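These numbers were taken from a predicted model, which means no experiment stands behind them.
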Amino acid sequence: MAWVWVDGNDTSTQAEAIIDAGSAWPYCALYLSGGVTPTMIMGSASGNTSATGPAASGVRQWVHVAATWTGSTMTVYTNGVAGTPVNYT
């Protein structure tokens, strides 16, 4: 989990890393995609799976981002509000 400053300056499809566990398999990363959407990516040699949280509701503010993995389900939270859970085993 992390507090992230959303400035709205990155409106491209590029992602800003919040936490990146590297490129070795298996890996997990949490990004702020497009400058406003928290995205968790988990991957292995067989492929990647991603889950997103709700987009930040505004810019120039601090947003609390958290992600969980239960061993079978990935969920990303924005200010305590869960995104759609995604299965990943």
query: Which pair of non-hydrogen atoms, one from P38 and one from L32, has the smallest distance, and what is that distance?
result: N-CD1, 3.9 Å
query: Quick one: does T78's side chain have a donor or acceptor within less than 3.5 Å of a partner on P54's backbone?
result: yes
- line: What one should report as the nearest heavy-atom pair of T75 and G83 is CG2-O, 4.0 Å
statement: When every non-hydrogen atom of T89 is compared with those of G71, the smallest separation belongs to CG2-O, 3.8 Å
task: First locate atom CG of N48, then atom OH of Y27, and finally report the distance between them rounded to the nearest 0.5 Å.
output: 3.0 Å
- prompt: Do the side chain of N79 and the main chain of H64 share a donor and acceptor less than 3.5 angstrom apart?
  reply: yes
Hydrophobic cluster identity match, V65 and W69, side-chain contacts under 4.5 Å: yes
query: Where do T52 and T39 land on the side chain to side chain contact (heavy atoms under 4.5 Å, CB included) test, with the steps shown first?
result: CA-CA 4 Å; T52 59; T39 304; 3.5 Å; yes
Set of side-chain contact (heavy atoms from CB on, under 4.5 Å) partners for S57, sequence neighbours left out: Q61
query: Looking at A55 and T37, what are the two nearest heavy atoms and their distance?
result: CB-OG1, 3.7 Å
- line: Which of S44, S50, S72 passes side chain to side chain contact (heavy atoms under 4.5 Å, CB included) with Y88? It is S44
- request: Locate the shortest heavy-atom distance separating P85 from T73; write the atom from each residue and the value.
  value: CB-CG2, 3.5 Å
query: So do the side chains of M40 and Y31 get within less than 4.5 Å of each other, counting heavy atoms only?
result: no
